[in-house]
Amino acid sequence: MKKIISFSGKGGVGKSTLLVLMLKYLLEKNKNLDILVIDADPDANIGDIIGKEINFKETVGGKMAEFKHKIQERKIPLDVSKDQIVESEVFDALIEMDSFDILEMGRGEGEGCYCSINNYLKRIIDILSKNYDFVLIDAPAGLEYFARKTGRNVTDLVIVTDPSKMGFHTMKRIIEITKEVNLLFENIWIVGNRFPQDVREILEKEVASITEQNVKLLGFVSNSDDISKMNLIGENLLLLPVDSKAYITAKDLFASII
Ligand SMILES: Nc1ncnc2c1ncn2[C@@H]1O[C@H](COP(=O)(O)OP(=O)(O)OP(=O)(O)O)[C@@H](O)[C@H]1O
Ligand SMILES: [Mg+2]
């Protein structure tokens with residue numbers, strides 16, 4: 001079944017790390033899957049984690065800026081809408097890796113910042129998701145972008161939290177936002193990342209007190225020396241040893257989503 005899975009949570013809790021571990025798991029599980037990773041977080045770069053340098057020109061923001069320059073130089077008719085620009089540039093911005101594709105949203109140029117780019121996120125997901133079995137999204141902080149048009153498109157939301165009050169607070173706030181803007185996720189999965197054994201119960205209780213039917217505790221990933229090391233030496237996280245404890249745990253969690 002086709003899945004569109006978005007990762008969110010407080011800054012620095014491990015959203016991008018877990019997304020890449022899920023990607024690793026999917027790639028190992030079935031080499032024939034068509035997978036797209038959308039990096040929609042302007043402050044972080046999936047490319048950095050998987051050892052792929054992506055420059056601004058290759059991002060959706062970069063492509064759109066280039067297109068606008070062409071309009072200004074009158075190489076393209078003036079009456080093209082922003083929607084048309086997005087549609088024509090988004091395929092061009094796809095970065096093909098060996099066994100999956102990446103779409104780096106990037107920032108908008110100048111005024112309006114990345115927000116204006118992410119206004120097109122919903123549309124881009126609609127356009128591109130048809131061609132993929134799995135779409136993994138490293139989401140921007142606010143989820144409002146998904147709510148631009150009615151209807152469901154992102155099937156699963158993974159909210160990552162670390163063992164901190166702010167992490168829990170953001171988790172709950174995200175769940176509130178999904179209600180406020182009427183987002184219909186099939187599942188909202190809570191993952192406790194870098195959780196020592198003895199505080200897991202606190203998150204378990206917290207999630208048990210959430211009344212929304214679609215919110216479930218997926219489980220926990222421990223702090224991992226292997227992940228820290230890969231990060232410090234700038235190694236591609238997709239090359240994390242398959243016998244690494246954190247990866248084995250993460251795989252088990254992801255298997256129950258898919
Ligand atoms: N289970 C773990 N064990 C050890 N280190 C981890 C673990 N999970 C994440 N990290 C480390 O924590 C840091 C933050 O992780 P990551 O970049 O994935 O978080 P993020 O939520 O995507 O952050 P941002 O909000 O900045 O995008 C990184 O240095 C990463 O290597
Ligand atoms: Mg990140």
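Order of listing sets the numbers, starting from 1, for every ligand and every atom in it. For the numbers below, each heavy atom of this structure counts, side chains included, while hydrogens, waters and symmetry mates do not.
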Considering all heavy atoms of both residues, which atom of [X] and which atom of [Y] are nearest to each other, and what is their separation?
| X | Y | result |
| --- | --- | --- |
| Asp39 | Asn45 | OD2-CA, 3.3 Å |
| Ser16 | Ile49 | CB-CD1, 3.3 Å |
| Glu28 | Val242 | OE2-CG1, 3.1 Å |
| Leu218 | Trp189 | CD1-CE3, 3.6 Å |
| Phe7 | Met22 | CZ-SD, 3.7 Å |

Report yes if [X] has an N/O atom closer than 3.5 Å to an N/O atom of ligand 1; otherwise report no.
| X | value |
| --- | --- |
| Gly14 | yes |
| Asn231 | yes |
| Ile227 | no |
| Gly11 | no |

Check Asn193 against ligand 1 and report side chain, backbone, both or neither, counting heavy atoms closer than 4.0 Å. side chain
Looking at residues at least two apart in the chain, or sitting in another chain, which of them share a salt bridge (charged side-chain N to carboxylate O under 4.0 Å, His left out) with Asp92? Lys63
Of Ser228, Gly12, Ser244, the one whose closest heavy atom lies nearest atom 26 (O) of ligand 1 is Gly12
Nearest heavy atom to atom 5 (N) of ligand 1: which of Lys245, Arg194, Lys229 does it belong to? Arg194
Flag Thr17 as yes if one of its N/O/S atoms falls below 2.8 Å of the Mg ion (ligand 2), otherwise no. no
From CA spacing to verdict: salt bridge (Lys or Arg N to Asp or Glu O under 4.0 Å), Lys172, Glu176: CA-CA 6 Å; Lys172 287 190 268 187; Glu176 273 169 32; over 6 Å; no
Residue-ligand contact Ala246/ligand 1, heavy atom below 4.0 Å: no
